[in-house]
2 protein chains.
Amino acid sequence: MTATLADVAARARVSPATVSRVLNGNYPVAAATRERVLRAVDELDYVLNGPASSLAAATSDLVGILVNDIADPFFGIMAGAAQSEIGGGPGAREKLAVVCNTGGSPERELTYLTLLQRQRAAAVILTGGALEDPGHAAAVAAKLGRLAEAGARIVLCGRPPLVLPGAGAGTGVRPAVAATLTFDNRGGSRRLTEHLLALGHRRIGYVAGPEERTTTRHRVEGHLAALADAGVAPGPLVHGSYDRRSGYDATLELLRLDPSLTAVVAANDTVALGACAALRDRGLSIPDDVSVAGFDDLPFSTDAVPALTTVRLPLYEAGARAGRLAMGKEPVPPGGIATVHGELMVRGSTGRTRA
Amino acid sequence: MTATLADVAARARVSPATVSRVLNGNYPVAAATRERVLRAVDELDYVLNGPASSLAAATSDLVGILVNDIADPFFGIMAGAAQSEIGGGPGAREKLAVVCNTGGSPERELTYLTLLQRQRAAAVILTGGALEDPGHAAAVAAKLGRLAEAGARIVLCGRPPLVLPGAGAGTGVRPAVAATLTFDNRGGSRRLTEHLLALGHRRIGYVAGPEERTTTRHRVEGHLAALADAGVAPGPLVHGSYDRRSGYDATLELLRLDPSLTAVVAANDTVALGACAALRDRGLSIPDDVSVAGFDDLPFSTDAVPALTTVRLPLYEAGARAGRLAMGKEPVPPGGIATVHGELMVRGSTGRTRA
DNA sequence: CCCTCGATAGAAAGCGCTTGCTACAGCTGT
DNA sequence: ACAGCTGTAGCAAGCGCTTTCTATCGAGGG
């Protein structure tokens, strides 16, 4: 049998209450007593019973991090950074940061949220783009509201702010979402396209991400805005998922739609890699025949040949900040929302159009 | 306030016991009653209190997946696969699969194990190579033993079997580890080096992973074994971490140690990418001047230019299988151990030495 | 020199759920 | 018509911890 608090108490010749207080360190205990208790804990290999503790204290030390695709470094980097800020704050009770992979499925997102609510999670971080389906958005908002009511701190990272009914300023309703770190996908995308335009490109194809995702839409909007400002007509656009295969296929399709393309902008770096492969397979050279650009600046982008022009998103920093916000270790930005900007990284995959 | 079981019971005009039985579905409840209860649950937006439930039932629905680096797709792919097998088995109570990022730190590994033990996790999956430090190995083994005692099913995935004292056959001691899926790193590495030898390479540099990791050692051993069999003297070897930067630096060092190298074998694909970058920066062409090989066959490897010769590990399949084993959905392999083999993928980054 | 206060420890009442056991129908078989 | 079932529902005793309230002991102040 596993040892219980009572066993430890008996061995240390104190009451269970005292043991609990030693373990939680939120009540004065004489040094000698503490010593004795800790020794007993050690000798019995005692480990607190989490469920019992959470039940009695009405709080738990679980922090959930939801990601859309755990195999994608975009999420891995953010999640890892957040986790590193959450695990073992000094003094505080050790928190258990766990990442939950929704795989982009709305049902799983909701399921995980319910599961986290069931565990009375102390905080929840949602990373990456959201689905734009109104029904789903409402369901998520409702769940988050309930989580927040139960005391969980909610942080959005790389996701647009959630508009909650009845949570406006002055209504006295505490907003469900404690803080939002939103990525400036529009602005980054716009600067990227401006860069391409400056290089002389006029026929630019676009490999977009999955439809109905905020990230996809914002990046497309930035791209179109840049074109509109320059008075350049948009080129062909194909939707796909966020993987290299999709980038490959979509690029072939783009080429079919407009064989005279001089540039391809991809939804992200992974997709861009697929695009490069497709172009090469068609015998086109990068950037001499066609320029290619990605987004995110994942670690491998600099190793592509040629190195990928892209927009760097400070994923690690954003994830870490989200982690701190979830722990209440960092002040909430004014208005609860902070925008994280991307930086244009010009590298070898984009070049001037031929004269 | 959040609704409790009792609230639901009152609303449905039944006893709390009945509500519990409806929710857990492990006791006959008349259809009409069930109906009434479910309606009440719905109307009250009731969500089971996980801690209370776990406490009373002495089990929880948490399943922990430990990974060394969540930003590395090697782990992301396995973890995602495992998670997809764990979330929501039909009929069974929904499990919460969570991934914990140790960052390769032994302390964090132990901390997470303790935290999972505290939560009375239903199962724990440890992925990737282990640290070879005997002290740490013993500590982990002890923790796993305690977890298993508490009813958790332990599965190792991509990690060598754990030798537990006193758990041999016939001792009547239930082994702590339910099942082990071990990767044939030695064999894969050996075949890779044999391929290089067959292409005529005799001066092969090796960029190894972190020291004291089983994966590192096994891959090096396979490499050396192939060389020994062929009567070829080992080339220079440099240790580093599992990232591209490390591959870059180590390759420069290798070149310094032996400028006449004709091939570089890297600890994994990520490292290989760094190696490629270093070679290119030195003005060497791949594979004409120097061949490069990786390991794992991560998705981006096929997009490298030239595409990377590597050893494909069925990460997704292994992760999924680990997930099923953790759920008891799949029979344990004979002896509790199954070896997962890698497949040599010959691509453009390796070629014949010049005549 | 007694009283008050600060510091520390204990008693006990839950926290919300599960589950073994008991209770009570409505039937069946004789 | 009655004992014995089978099928459902309720009772109540915890699960192991936290925390409020109370008790005790010493020390300093009036």
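Note on naming: letters A, B, ... go to the chains in the order of the sequence lines (proteins, then strands), and numbering restarts at 1 for each one.
- For the pair B:Leu5 CG and D:dC11 C1', the computed distance is 15 Å after rounding to whole Å.
- Distance from the side chain of A:Thr18 is smallest for C:dA9 among the nucleotides C:dA9, C:dC21, D:dT19.
- Smallest separation of non-hydrogen atoms from B:Arg34 and B:Val29: NH1-O, 3.5 Å.
- Atom-to-atom, OH of B:Tyr27 to C1' of C:dG20 comes out at 9 Å; the value is rounded to the nearest Å.
- Summarising the geometry, the separation between CG on A:Leu55 and P on D:dT19 is reported as 12 Å, rounded to the nearest angstrom.
- B:Val29 comes within 4.0 angstrom of sugar-phosphate atoms only, judged by non-hydrogen atoms across all strands, and of no base.
- The interatomic distance linking A:Arg120 (CZ) with D:dT18 (C1') rounds to 17 Å, in whole Å.
- Nucleic acid contact class of B:Val14 (heavy atoms, under 4.0 Å, all strands): sugar-phosphate only.
- Heavy-atom minimum distance, B:Gly128 versus B:Phe75: CA-CE2, 3.6 Å.
- Atom pair A:Leu23:CG and D:dG16:C1' shows a separation of 13 Å (rounding to whole Å applied).
- Here B:Ala17 lies in heavy-atom contact (under 4.0 Å) with a base.
- Closest of all the heavy-atom pairs between A:Ala179 and A:Val332 is CB-CG1, 4.2 Å.
- In this structure, A:Arg324 does not pair ionically with A:Glu317, as no charged nitrogen and carboxylate oxygen lie closer than 4.0 Å.
- Counting to the nearest Å, the C1' atom of D:dA9 and the CG atom of B:Asn26 are 15 Å from each other.
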